[in-house]
Structure formats: C-alpha cells, structure tokens
2 protein chains.
Amino acid sequence: MPKPQATDRIEIADRLHSAAIHLLRRLRRVDEATKLSAPKLSALSVLVFSGPKRLGELADAEQVRPATMSRLVKELESDGLLERSRHESDGRVVTLKATQPAVKLLKQGRGERVKLLASWMKELSREELKSLERAVDSIDRLGDS
Amino acid sequence: MPKPQATDRIEIADRLHSAAIHLLRRLRRVDEATKLSAPKLSALSVLVFSGPKRLGELADAEQVRPATMSRLVKELESDGLLERSRHESDGRVVTLKATQPAVKLLKQGRGERVKLLASWMKELSREELKSLERAVDSIDRLGDS
DNA sequence: TGCTATTATTTAGCTTTGCTAACTAAATGT
DNA sequence: ACATTTAGTTAGCAAAGCTAAATAATAGCA
C-alpha cells in the first residue's frame, strides 16, 4: 500500500486549481441578479459574520492590498451596505461596519451566489458532501503559513 | 443522527465559495515568476493534457466566451506556447495545439502555481489529503448540469 | 518640545480578463 | 444563387487586481 507521493500531490493540486477556477467562473453568471460581485460579497460576508473591522484587517482577511479594499469599500458604502467611521483614539484608522440592509441581505438571503452553489450541491451524494465539508477547511488553510 | 439539512449545505457552500476565492488570490502572487496567469495556465493545461481542441471547444471547457478565449489564445500564441491552424475541410474552424515548449513547461515543470499549491499541501495530514482528493471531483462537477 | 519615521488609508494610473455587439468568412440549405 | 447559420475575431467597456505616490495622524526620540 503506497504512501502519497509528490506526484499524487501535484496531480491533486492541478485538479484543485482547475476546479477552483471553473467553480468561480460558473458562479460569476449569477452576478447580475445579486448586484454583488464575488469580491464584494466575500468582503461583506466577513463584516457581517465576524463583526466590524478596520480596513487593513479586512484587506488582510481577503488577501488583497489596502488600495484594492479601499475601492471595494467605497463602492459598498455608496450602495449603503457598510459604514465607514473614524477610530476615536487613532485618527488614521477607518472602522467598517455592515449596515442593517447588508446584514439582512447576507443573513437572510445569504447571497444569490451561495444559494446557487448550495442548490448545485443537492446533486452530491451524502458521502461526497461529507468529503467536501472536510476538505473545505483544508482548502481555506492552504498557503496560510 | 441528523441528515444533512439545507442550512448545512448553505453553510458549506458559503465556506467553499470563500475558500475558492482565497485560494486563487493566494496563488495569484506567483504569477510574476511563471509569466502565466491562472486563465492562461488553465487553458494551456487543457491542450497539453487533453490534446488539440478547436477554439470554441476550449472556450466551453474553460467556461468563457469565444471572444475571451480568442484573446487568450492570441497571447499564448505570441508567447510561442500554442499554434493555431485552419481545419482542412472546414475553413471556419481554428485548431489549437500546444507547442513543445508548452508541453515541457506543463508536463515537467507543471506550472509554478501548481507546484506552489502542491507544496502547501504538504502541511495536510494523510486524511485531509484523502478528503481533498475525493472532494476535488465533486467541486469540478458542481454546476455542470 | 520639535523633528523624523512609521502607519493607515486614499488616489491615480496601469494591466488583465471577463463581457456584449458588431464584423468577416466559410458552410449549409432552399 | 441567396439567405441563414456557424466559427472566430475585433472593438470597446467594466471590474478588480496591482504599484507608486500623496495625505494625515501617531509615535519615537534627542
């Protein structure tokens, strides 16, 4: 019984890479309906489910540069989905907080993209769903170190 | 022992969505080294591992519009990584074939992004790797129907 | 205290990769 | 022959990533 070799890992890595690309491309199609693109939904999701954050923290959490997050935040703000406020003691930091409409959108609607993805998952067998559930955490930790 | 509920699926879908976004963002950082972005590597990978394709087929496989694939192909061609040729009997179709340098790059080097991803996977336990291997196929089939 | 360095965010400008719409060229069918 | 369909390309736009440079506030230190 062979142990996992480097080539196995590379094979799996290759398929994971393609699968991630394909999955996000398929999900992109729902964007018009939601009005929220993947990066915006993902960032807003952090604010809704983990509470207020400063801009730099959110950029870190989302693996983008502060400059990129600044633009996303500006657009989410003008959509009324989050509020910027200045920190009381440190005037440099901007604190971001999801608004009620955003909480409603994400908590109740949970996002059109996520609902669509969840509906696709109905096709999976019980075992496939179990594997997927276990794998998701591994995937999200990949490259953390 | 409860069966998987809709809320479980939505929870997993939400985490899968975030995990896929985060994974691809982390991988993007290696692009400078490779000179091949995710969409190009993914498209080229199809040609190398599944053989020549017409442009429309490749666009379908990659879940993008022909117009988008046409541009990617043009750039890959000017990098010497694939060759366009006209179909013998049907003058409308363009057949795409990976060149030797491309085969070498992907088969031997297997792409910097994939190598990096594979190296991250060393941190996973045997069990996590197994779950991931099983899950990858499910992920890639999601939304196929 | 007062200068200097650091830190947080923003702005400007560029690149890549999606898209749609409109075009060309070739094949098909009536 | 002529209209329609099919395959691919081109043009032009938007979103989201980046870096570099600007701004503003804080912190450190002589």
Side-chain angles (χ1 to χ4, degrees), chain A residues 20-44 52-79 82-97 113, chain B residues 20-44 52-79 82-97 113:
Chain A
I21 291 171
H22 295 163
L23 180 64
L24 292 181
R25 288 216 268 241
R26 282 198 259 251
L27 281 171
R28 207 175 26 220
R29 307 229 184 95
V30 88
D31 284 355
E32 332 83 65
T34 317
K35 284 294 202 267
L36 274 189
S37 63
K40 285 176 189 170
L41 183 58
S42 183
L44 195 55
K53 294 253 171 304
R54 35 171 78 187
L55 189 138
E57 285 175 334
L58 189 55
D60 282 352
E62 289 297 288
Q63 313 280 332
V64 296
R65 299 288 169 175
T68 300
M69 188 51 69
S70 184
R71 182 166 25 80
L72 291 177
V73 158
K74 186 171 63 177
E75 291 164 4
L76 285 168
E77 188 186 28
S78 74
D79 288 344
L82 61 76
E83 279 163 0
R84 270 176 167 111
S85 56
R86 232 66 224 203
H87 199 274
E88 353 45 87
S89 59
D90 187 338
R92 292 169 301 182
V93 341
V94 165
T95 304
L96 307 169
K97 189 173 175 304
R113 290 170 67 100
Chain B
I21 291 171
H22 295 164
L23 180 64
L24 292 180
R25 287 215 270 241
R26 284 185 186 128
L27 281 172
R28 206 175 24 220
R29 306 230 184 91
V30 88
D31 285 353
E32 331 84 64
T34 317
K35 284 295 202 266
L36 274 190
S37 62
K40 285 177 188 169
L41 182 58
S42 182
L44 195 55
K53 292 254 172 300
R54 37 171 77 186
L55 189 141
E57 287 175 333
L58 189 55
D60 282 354
E62 289 298 287
Q63 312 281 334
V64 296
R65 298 288 168 173
T68 299
M69 188 51 69
S70 184
R71 181 164 26 78
L72 292 176
V73 158
K74 186 171 63 179
E75 292 164 4
L76 285 168
E77 188 185 28
S78 74
D79 288 345
L82 61 77
E83 279 163 359
R84 272 177 167 109
S85 55
R86 285 284 164 189
H87 199 272
E88 5 26 278
S89 59
D90 187 339
R92 292 169 304 180
V93 340
V94 165
T95 304
L96 307 169
K97 187 172 178 308
R113 290 170 67 101

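Only a predicted model underlies this, so the values are computations on that prediction, with no experimental measurement involved. Naming convention: chains lettered A, B, ... in sequence-line order (proteins, then strands); numbering from 1 in each chain.
- DNA chain D is contacted by both A/E88 and A/P39; A/P39 maps to the nucleotide lying nearer its 5′ end (nearest heavy atom per residue).
- Taking atom CZ of residue B/R65 and atom P of nucleotide D/dC13, one finds them 20 Å apart after rounding to whole Å.
- The main-chain N or O of A/E62 is found under 3.5 Å from a side-chain atom of B/R25 such that the two form a donor-acceptor pair.
- Regarding contacts with the backbone of C/dT17, a side-chain N or O of B/K40 is found under 4.0 angstrom from either OP1 or OP2.
- Atom-to-atom, CG of A/L76 to P of D/dA15 comes out at 13 Å; the value is rounded to the nearest Å.
- Rounding to whole angstrom units, CG of residue B/L58 and P of D/dT9 are separated by 11 Å.
- Here the P atom of nucleotide D/dA15 and the CG atom of A/L72 are 11 Å apart, to the nearest Å.
- Put simply, the side chain of B/I21 does not reach to within 4.5 Å of the side chain of A/P39, judged on heavy atoms.
- The salt bridge (Lys or Arg N to Asp or Glu O under 4.0 Å) analysis of residues 85-95 of chain B, with sequence neighbours excluded, yields the pairs B/D90-B/R92.
- Atom CD1 in A/I21 sits roughly 12 Å away from atom C1' in C/dT17 (whole-Å rounding).
- Annotation: side chain to side chain contact (heavy atoms under 4.5 Å, CB included) contacts of A/T95 (sequence neighbours excluded): A/P52, A/S85, A/H87, A/V93.
- Side-chain contact check for A/L24 versus A/R113: some heavy-atom pair is nearer than 4.5 Å.
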Subject >> Per-nucleotide protein contact string for nucleotides 6-12 of chain C (B base, S sugar-phosphate only, - none; heavy atom under 4.0 Å) >> reply: -BSSBB-

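- Among the nucleotides C/dG18, C/dT17, D/dG17, the one closest to the side chain of A/R25 is C/dG18.
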Which side-chain N or O atoms in residues 69-78 of chain A pair as donor and acceptor under 3.5 Å with protein atoms at least two apart or in another chain?
| from | atom 1 | to | atom 2 | distance (Å) |
| --- | --- | --- | --- | --- |
| A/E75 | OE1 | A/K40 | NZ | 3.0 |
| A/E77 | OE1 | A/R84 | NH1 | 2.4 |
| A/S78 | OG | A/E75 | O | 3.1 |

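- Distance B/L24 CG to C/dG18 P: 11 Å, rounded to the nearest Å.
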